[in-house]
Q: 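Before I ask anything, here is the structure I am working with.
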Amino acid sequence: MSESTTRPRRLSMPKLTRRLTNVIIHVDDDKSEPVTPASVPSRPSYRLKLDEQAISNWKKHITPEKNDIDSIENDIVHHTITTLCRGVYNVDAWAIYQATAHSVRDRLLEDWNITQEALHKQNPKRCYYLSMEFLLGRALDNALNSLHVKDNYKESVKNLGFNLEDLLSQEKDPALGNGGLGRLAACYMDSAATQDYPTWGYGLRYQYGIFKQIIKDGYQTEMPDYWLNFNNPWEFPRTDIRYEVRFGGYVATKVNEKGESRMSWEGGSKVQAMAYDMPIPGFNTKFCGNIRLWASKPLNTFDFDSFNAGDYDRSVAEQNNAQNLTSVLYPNDNHLVGKELRLKQEYFFVCASLQDIIHRFKRAKCPWKDFPSKVAIQMNDTHPTLAVPELQRILVDIEGLDWDDAWNIVTHTFGFTNHTVLPEALERWSVPLMEKILPRHMQIIYDINLFFLQKVEKEYLGDRELLKRVSIIEESSPQQVRMAHLAVVGSHKVNGVAALHSDLIKKHLFSDFIKYYGPEKFINITNGITPRRWLYQANPGLRDLITKTLGGSEQWVTHLNLLEGLKQHADNSEFQEQWAAVKLDNKRRLAGWIKDNLNVNVDPHALFDIQVKRIHEYKRQLMNILGVIYRYKQLKKMSAQELDEAVPRVVIFGGKAAPGYYIAKLVIKLINSVADVVNQDEDIENKLKVIFIPDYNVSRAELIIPASDISQHISTAGTEASGTSNMKFVLNGGLILGTVDGANIEIAEQIGQENIFMFGVLADEVDDLRHQQKYHGLMIDEQLQVVIDTIQSGQFGDASVFAPLINTLTYGGDFYLISADFDAYLQANEKVDATFKHKAEWTKKSILCTAGMGFFSSDRAIAEYAEKVWDLKPFPVDGR
């Protein structure tokens with residue numbers, strides 16, 4: 001037995017090494033049943049066992065779809081009649097959208113099937129990207145662009161009496177994510193497919209997503225997002241792909257057919273995970289990726305005996321309980337029931353995904369030692385971290401591997417992406433809850449921790465504080481499992497997502513782990529975005545201008561560094577006019593949406609100042625709206641001449657606050673209350689408008705981002721890991737007003753410091769300022785005090801409503817340093833106004849912003865993951 005599995009001496013911290021003897025049941029050897037792979041139920045084989053002649057007969061009937069206009073029209077009419085059971089007498093835009101989507105899907109499936117067949121035959125190494133969120137956005141427009149058939153489809157639906165743009169608006173955004181984490185995962189799936197990397201995404205098929213945001217009396221109200229009420233043509237139910245997932249129960253000791261004693265997880269309750277596939281097309285390639293989403297299903301959908309006995313609730317109780325697992329993204333966990341549901345959700349996700357990955361691996365009949373050479377698994381943040389003990393459980397308990405051999409496989413398979421340095425965002429699960437829901441996993445986590453601490457103790461003998469800091473088990477009451485620590489210990493590479501963020505996690509968050517593992521385990525891979533959606537699709541006017549200016553080639557769409565060619569045109573006045581005209585058209589489009597949906601008139605010639613992202617204190621939407629109040633007060637004091645010379649500004653907010661996040665929801669209320677006053681004030685002559693766009697999602701982002709003149713990314717230094725919305729705005733020619741935080745720093749390096757408005761304290765100053773404020777009091781300057789007094793005067797409604805917000809700045813200690821940065825923030829806004837007055841200078845900066853964004857393509861990021869973490873090679877797929 002190797003050193004790591006030798007029974008260790010007890011450490012002086014007994015809680016760290018406590019064993020779960022209270023939940024282990026030792027079964028009599030004579031009566032025990034052998035452990036079999038049935039503990040990981042295999043799904044039925046869906047591959048036909050055909051002879052060569054039958055296969056040949058199949059293939060001769062598989063003919064490529066034709067993309068001429070007449071063929072497309074035939075396909076749309078065919079799906080309208082046969083798929084939707086509609087005719088000319090009852091067809092409408094929604095039906096034609098569905099028929100069009102099905103016809104596009106047919107063409108997409110050709111590439112999907114070719115890709116899957118090639119992967120099955122050649123069996124290259126694959127990467128599996130585990131993410132609780134995939135914020136995909138609408139699929140039809142993306143598929144049309146990827147397949148290069150949009151022009152013909154536009155003509156086809158026109159000939160059938162419809163407008164393609166109207167059809168695109170019929171599609172509902174998939175409610176599979178909330179913010180940057182999920183959108184990053186979606187961008188990465190697009191880039192992996194575009195670059196022919198054999199990569200699959202795994203996630204959950206949420207029935208309602210996070211929620212649909214309604215603004216009522218200025219407050220956020222959460223409603224279910226019924227995005228699946230109608231048929232989703234972009235998903236494929238895999239009714240034959242189901243896996244069982246267990247919760248609760250107990251752990252028994254059993255003897256297998258080899259006479260070996262093995263732990264066995266028994267009892268408890270079970271649900272089924274059923275697969276839904278969503279093809280992800282590559283751009284300019286035959287490769288088509290896939291995201292497999294799991295929906296929770298009951299083992300028994302209906303209790304007939306209970307129904308016959310008149311207990312109707314009980315007859316469907318199992319079905320309802322199962323469906324709750326995948327109903328909502330991130331169930332509210334500020335109560336015990338919500339925490340338990342969320343833990344179950346995370347385990348359900350990784351358990352089903354690993355069973356599916358292993359099923360695919362076993363088809364190739366490779367030995368287990370080859371698993372890391374065939375499989376790479378990337379954990380997108382800490383949500384999938386339970387995959388580490390789950391894979392160890394499968395290998396040891398079910399497959400019969402020795403602990404050391406299994407752990408070697410685990411640690412060479414997983415990579416971990418950390419997305420935050422905020423303590424409250426680093427997941428912890430209480431040990432009692434883990435013991436209740438996942439008793440065997442809690443045992444395994446104790447063992448992982450024990451063997452890890454042994455090694456650390458051996459190297460750093462006597463450093464008890466170090467052992468406490470790196471322990472996976474936090475000694476609190478109750479004890480907590482630190483999921484970020486488990487992810488680090490169970491992975492062979494850990495990466496941050498921006499240069500500053502990666503530096504901070506090395507210096508602070510994981511500094512003790514670097515002391516043990518060395519720096520080579522911890523790397524940086526700066527985030528990226530896909531230019532296909534965030535410029536090519538979202539901003540067709542700018543897309544066409546760029547393509548024309550760069551010689552008529554669309555090669556820049558997959559080689560974003562070619563945007564550098566725009567720099568030589570930045571001083572050309574004719575090109576500047578064309579560039580500004582595209583921006584104005586995008587602003588007019590957004591202004592029209594605001595008028596139609598919010599009944600507010602905004603001037604498209606005004607400066608559009610936008611902050612759209614998840615509402616959180618560290619992102620400092622509060623500082624933004626406080627700045628708006630200050631601007632409003634200044635405008636009210638201006639003379640007629642001063643007012644005439646003032647730069648008009650439309651300040652646009654958007655984003656959701658977590659249902660249980662009271663302060664964030666108050667920020668939304670304050671924004672809307674300020675808007676109610678400012679937008680009705682005729683004295684300021686439309687020099688300021690405040691807009692809150694409700695239910696912000698990918699489709700809204702595609703409308704908003706191309707229209708920005710300036711976007712705000714103003715997090716407290718050292719709190720935003722990277723950000724990707726900043727990249728999207730700059731790619732579309734929007735300037736940034738931002739702090740020296742996250743990817744803002746690298747964006748400034750790429751586009752030039754002179755083309756970004758930076759302000760605020762630096763990350764290495766934050767701790768000192770917080771200490772100073774805590775022990776020497778806050779220094780609220782005159783401008784900020786004016787704003788606080790205005791709110792407390794009741795000008796924006798009942799002042800008592802906003803008292804908790806004001807308290808975060810005063811009695812609460814101003815943790816996010818709004819008071820420290822407010823004066824610099826106002827000065828930065830003055831520079832923005834002064835620069836915007838010089839249209840040629842502003843437009844030149846806008847051009848240079850887009851021209852410098854080549855580095856921030858998700859294509860570059862995925863290539864770095866493939867090289868540095870996954871050891872993955874491109875797998876080009878030929879045609880038929």
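Please read these numbers as outputs of a predicted model, since none were measured by experiment. Below, all heavy atoms of this structure are taken into account, side chains as well, without hydrogens, waters or symmetry copies. The residues of the chain are indexed from 1 along the displayed sequence.
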Q: Between Asn418 and Phe522, is the side chain to side chain contact (heavy atoms under 4.5 Å, CB included) condition met? List the steps.
A: CA-CA 10 Å; Asn418 172 268; Phe522 298 83; over 6 Å; no
Q: Would you check, one step at a time, whether the test side-chain hydrogen bond (donor to acceptor under 3.5 Å, both in side chains) holds for Glu427 with Thr382?
A: CA-CA 7 Å; Glu427 282 192 307; Thr382 56; 3.1 Å; yes
Q: For His148 and Asn284, test the side chains for any donor-to-acceptor distance below 3.5 angstrom and give the result as yes or no.
A: yes
Q: Decide if atom CG of Asp544 counts as having more than 12 heavy atoms of other residues, nucleotides or ligands within a radius under 6.0 Å.
A: yes
Q: Is a side-chain N or O of Arg860 found less than 3.5 angstrom from the main chain of Asn527, in a donor-acceptor match?
A: yes
Q: List the atom of Gln116, the atom of Trp200, and the distance in Å for their closest heavy-atom pair.
A: OE1-CZ2, 3.5 Å
Q: Less than 4.5 Å apart, side chain to side chain, heavy atoms only: is that true for Asn697 and Arg700?
A: yes
Q: Are Thr417 and Asn380 linked by a side-chain donor-acceptor pair shorter than 3.5 Å?
A: no
Q: I need the Thr739 OG1 to Ile714 CD1 distance, nearest 0.5 Å.
A: 7.5 Å
Q: Is the distance between the ring centroids of Tyr865 and Tyr188 under 6.0 Å?
A: yes
Q: How far apart are the closest heavy atoms of Leu135 and Gly179, and which atoms are they?
A: CD2-O, 3.7 Å
Q: For the residue pair Val494 and Tyr517, establish whether any side-chain heavy-atom pair is separated by less than 4.5 Å.
A: no
Q: Going by the salt bridge (Lys or Arg N to Asp or Glu O under 4.0 Å) test, which pairs reach into residues 185-204, not counting sequence neighbours?
A: Asp190-Arg532
Q: Does the distance from a Lys or Arg side-chain N to an Asp or Glu carboxylate O, for Asp356 and Arg360, drop under 4.0 Å?
A: yes
Q: Could you check whether any side-chain heavy atom of Lys619 comes within less than 4.5 Å of a side-chain heavy atom of Ile615, counting everything from C-beta outward?
A: no
Q: Answer yes when Asp141 and Lys150 have at least one side-chain N-carboxylate O distance shorter than 4.0 Å, and no when they do not.
A: yes
Q: Salt bridge check: are Lys583 and Asp709 linked by an N-O gap of less than 4.0 Å?
A: no
Q: Show the nearest heavy-atom pair for residues Phe414 and Gly490, with the distance to one decimal.
A: CB-O, 3.6 Å
Q: Please confirm whether the backbone N or O of Gly180 pairs with a side-chain atom of Thr724, one donor and one acceptor, at under 3.5 Å?
A: no
Q: Using side-chain hydrogen bond (donor to acceptor under 3.5 Å, both in side chains), reason through Asn67 and Asn152 one step at a time and then give a plain yes or no.
A: CA-CA 7 Å; Asn67 291 326; Asn152 282 2; over 6 Å; no
Q: Could you please spell out the steps behind the side-chain hydrogen bond (donor to acceptor under 3.5 Å, both in side chains) verdict for Ser715 and Asp741?
A: CA-CA 7 Å; Ser715 53; Asp741 195 31; 2.6 Å; yes
Q: Would you name the heavy atoms of Ile710 and Ile736 that are closest together and state the gap between them?
A: CD1-C, 3.8 Å
Q: For the residue pair Glu235 and Leu293, establish whether any side-chain heavy-atom pair is separated by less than 4.5 Å.
A: no
Q: Of the options Ile652, Ile610, Val612, which is the one that meets Ile693 in a side-chain contact (heavy atoms from CB on, under 4.5 Å)?
A: Ile652
Q: Considering non-hydrogen atoms only, spot the tightest contact between Ser502 and Val497 and give its length.
A: OG-N, 3.8 Å
Q: In terms of relative ring orientation, are Tyr202 and Tyr128 parallel, tilted or perpendicular, with 30° and 60° separating the classes?
A: tilted
Q: Which residues pass the salt bridge (Lys or Arg N to Asp or Glu O under 4.0 Å) test with Arg107, sequence neighbours left out?
A: Asp75
Q: How are the rings of Tyr536 and Trp556 set to each other: parallel, tilted or perpendicular (split at 30° and 60°)?
A: tilted
Q: Side chain to side chain contact (heavy atoms under 4.5 Å, CB included) between Thr719 and Leu422: does it pass, once the steps are laid out?
A: CA-CA 7 Å; Thr719 59; Leu422 298 177; 4.1 Å; yes
Q: For Ile847 and Leu566, which heavy atoms make the closest approach, and how far apart are they?
A: CG2-O, 3.9 Å
Q: Hey, does Leu872 have a side-chain heavy atom less than 4.5 Å from the side chain of Lys125?
A: yes
Q: Measure the CG-CD distance between Leu562 and Glu554 for me, rounded to the nearest 0.5 Å.
A: 12.5 Å
Q: With a 4.5 Å cut-off on side-chain heavy atoms, are Leu563 and Leu731 touching?
A: yes
Q: Which is it for Glu171 and Trp234 under the side chain to side chain contact (heavy atoms under 4.5 Å, CB included) test, yes or no, and what are the steps along the way?
A: CA-CA 10 Å; Glu171 184 176 351; Trp234 304 106; 3.5 Å; yes
Q: To the nearest 0.5 Å, tell me how far Asn123 CG sits from Phe361 CZ.
A: 8.5 Å
Q: In Å, rounded to the nearest 0.5 Å, how long is the span from CD of Glu346 to CG of Leu204?
A: 9.5 Å
Q: When you measure from the side chain of Gln345 to the backbone N and O of Val328, does any donor-acceptor pair fall under 3.5 Å?
A: yes
Q: Determine whether the aromatic ring centres of residues Phe349 and His383 are separated by less than 6.0 angstrom.
A: no
Q: Quick one, Leu426 with Met483, criterion side chain to side chain contact (heavy atoms under 4.5 Å, CB included). Give me CA distance, side-chain angles, the key distance, then yes/no.
A: CA-CA 7 Å; Leu426 294 171; Met483 301 308 284; over 6 Å; no
Q: Under a 4.5 Å cut-off applied to non-hydrogen side-chain atoms, are Trp534 and Val698 in contact?
A: yes
Q: Near Lys868 NZ, under 6.0 Å, is it more than 12 heavy atoms from other residues, nucleotides or ligands?
A: yes
Q: Does some side-chain heavy atom of Trp294 sit less than 4.5 Å from a side-chain heavy atom of Ser353?
A: yes
Q: Go through the steps to decide whether Ser711 and His713 satisfy the test side-chain hydrogen bond (donor to acceptor under 3.5 Å, both in side chains), and finish with yes or no.
A: CA-CA 7 Å; Ser711 63; His713 309 275; 2.8 Å; yes
Q: Is Lys172 positioned over the aromatic face of Trp227, cation under 6.0 angstrom from the ring centre and no more than 45 degrees off axis?
A: no
Q: Does Gln537 have any side-chain hydrogen bond (donor to acceptor under 3.5 Å, both in side chains) partners at least two apart in sequence or in another chain, and if so, which?
A: Glu702
